[in-house]
Visitor: 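For reference, the structure I am asking about is given below.
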Amino acid sequence: MSWAKALEIYARTAPDTISKDVLLRFMDDTITIRDAYRKAMYHYLILPRLPSSLVSNPSQISSLKCLLSGDKEEALHVLQVLGKEAEVAKTDILEDMQKKHGFQWTVNIGFHAVPSMEHIHLHVVSSDLLSSALKNKKHYNSFSPKLGFFIHLSDVLSWLTEGASDSRLNINSAKYEPLLKTDLSCFKCDESFKRMPRLKEHLEDEWKKEKRHAVKENARKRQRGADGGEDMERAAKKHIGEKEVASLADGQ
DNA sequence: GTTCTAGAAC
DNA sequence: GTTCTAGAAC
């Protein structure tokens, strides 16, 4: 099972020796890498580096399950450090989306409930799920954002904050694994699909539809902003108060 | 995690 | 006949 150790090896490798094609960024305690088989247009992984000053025992960061079964303050700290890097990656992704596609769409940040690879890794993945490497039901269901197998970081943080004894902090594989076998359905519109190729066609249609709407909406907002600018000039000439000028700019 | 492929589904 | 899934990989 050497493939299962691939991420842990990255975590132990000096960042300046990792290929620039793989490594996006590194900090004292984390690295951000590209997923070797991305399952969406944007798909990065945040890993804590090893050896780690983040936890008292390195085995705590072998998985989310291990992390959450140990000291809750340490767990919260690790998740906050990983989450901060995930937000940096997300900002880069949103900027690239705008530049390359003229609009921004959802970026999800979270963990697989039952990971295939050792060493805890936080996924930062765009919600299109358009990729030639997304091939089967397990791939799709593991990133389907409302199914439950993909555990959003924000949810884990709220479980930890709401109470250190929250039962949801006990990640039970037997509870999550069956979710991967769930019948295929679009996470956006809930339409059912018998087989993957049709679902993949549909996901592409959904993304194109979202793009059309977003680009149209962006244009509408820009137009409204330009109109607001004219109104502000007019208002200035009439010497009306700042509050009224502001409300005109908001399009109210 | 992927690749490969037998045989099920179309 | 071809497409697609799902389980083995020593």
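The chains referred to below are lettered A, B, ... by the order of the sequence lines, with proteins before strands, and numbering in each begins at 1.
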Visitor: Base, sugar-phosphate, or nothing: which does A:K5 touch, judged by heavy atoms less than 4.0 Å apart?
Guide: nothing

Visitor: Would you please confirm or rule out a distance under 4.0 Å between OP1 or OP2 of B:dT3 and any side-chain N or O of A:K135?
Guide: yes

Visitor: How would you label the contact of A:K200 with the nucleic acid (heavy atoms, under 4.0 Å): base, sugar-phosphate, or nothing?
Guide: nothing

Visitor: Is the NZ atom of A:K175 crowded by more than 12 outside heavy atoms at less than 6.0 Å?
Guide: yes

Visitor: Rounded to the Å, how far apart are A:N136 CG and B:dG1 P?
Guide: 8 Å

Visitor: Any side-chain N or O of A:K39 under 4.0 Å from OP1/OP2 of B:dT2?
Guide: yes

Visitor: Under a 3.5 Å cut-off for both contacts, is B:dG1 paired Watson-Crick or G-U wobble with anything, and if yes, with which nucleotide?
Guide: none

Visitor: Counting the atoms with a prime plus P, OP1 and OP2 as sugar-phosphate, which does A:H139 contact under 4.0 Å by heavy atoms, base, sugar-phosphate, or nothing?
Guide: sugar-phosphate

Visitor: A:F187 vs A:Y140 aromatic rings, parallel, tilted or perpendicular, using cut-offs 30° and 60°?
Guide: tilted

Visitor: Report the distance from atom CG of A:L7 to atom P of B:dT2, rounded to the nearest whole Å.
Guide: 11 Å

Visitor: What is the distance, rounded to the nearest whole Å, between atom NE2 of A:H43 and atom P of B:dT2?
Guide: 10 Å

Visitor: Looking only at side chains, do A:E206 and A:H202 share a donor and an acceptor under 3.5 Å apart?
Guide: yes

Visitor: Could you give the CD-to-P distance, from A:E177 to C:dG7, as a whole number of Å?
Guide: 13 Å

Visitor: What's the closest nucleotide to the side chain of A:R198 if the choices are C:dC4, B:dG1, B:dC10?
Guide: C:dC4

Visitor: Does the plane of the ring in A:F143 sit parallel, tilted or perpendicular to the ring in A:H123? Use 30° and 60° as the thresholds.
Guide: perpendicular

Visitor: Given C:dT5, B:dC10, B:dG1, identify the nucleotide with an atom nearest to the side chain of A:S116.
Guide: B:dG1

Visitor: When the ring planes of A:F149 and A:H112 are compared, do they come out parallel, tilted or perpendicular, using 30° and 60° as the limits?
Guide: tilted

Visitor: Contact class for A:K137 (heavy atom, under 4.0 Å): base, sugar-phosphate, or nothing?
Guide: nothing

Visitor: Rounded to whole angstroms, how far apart are NZ on A:K138 and P on C:dA8?
Guide: 13 Å

Visitor: Take the protein atom OH of A:Y140 and the nucleotide atom P of C:dC4, then report the distance between them rounded to whole Å.
Guide: 18 Å

Visitor: Side chain of A:K194 only, please: which of B:dC10, C:dT5, B:dT2 is the nearest?
Guide: B:dC10

Visitor: Tell me the interatomic distance from A:L180, atom CG, to C:dA6, atom P, rounded to whole angstroms.
Guide: 12 Å

Visitor: Is the distance from OP1 or OP2 of C:dG7 to the nearest side-chain N or O of A:K181 less than 4.0 Å?
Guide: yes

Visitor: Could you check how far CD1 of A:I120 sits from C1' of B:dG1, rounded to whole Å?
Guide: 17 Å

Visitor: Answer with base, sugar-phosphate or nothing: what part of the nucleic acid does A:P197 contact at a heavy-atom distance below 4.0 Å?
Guide: sugar-phosphate

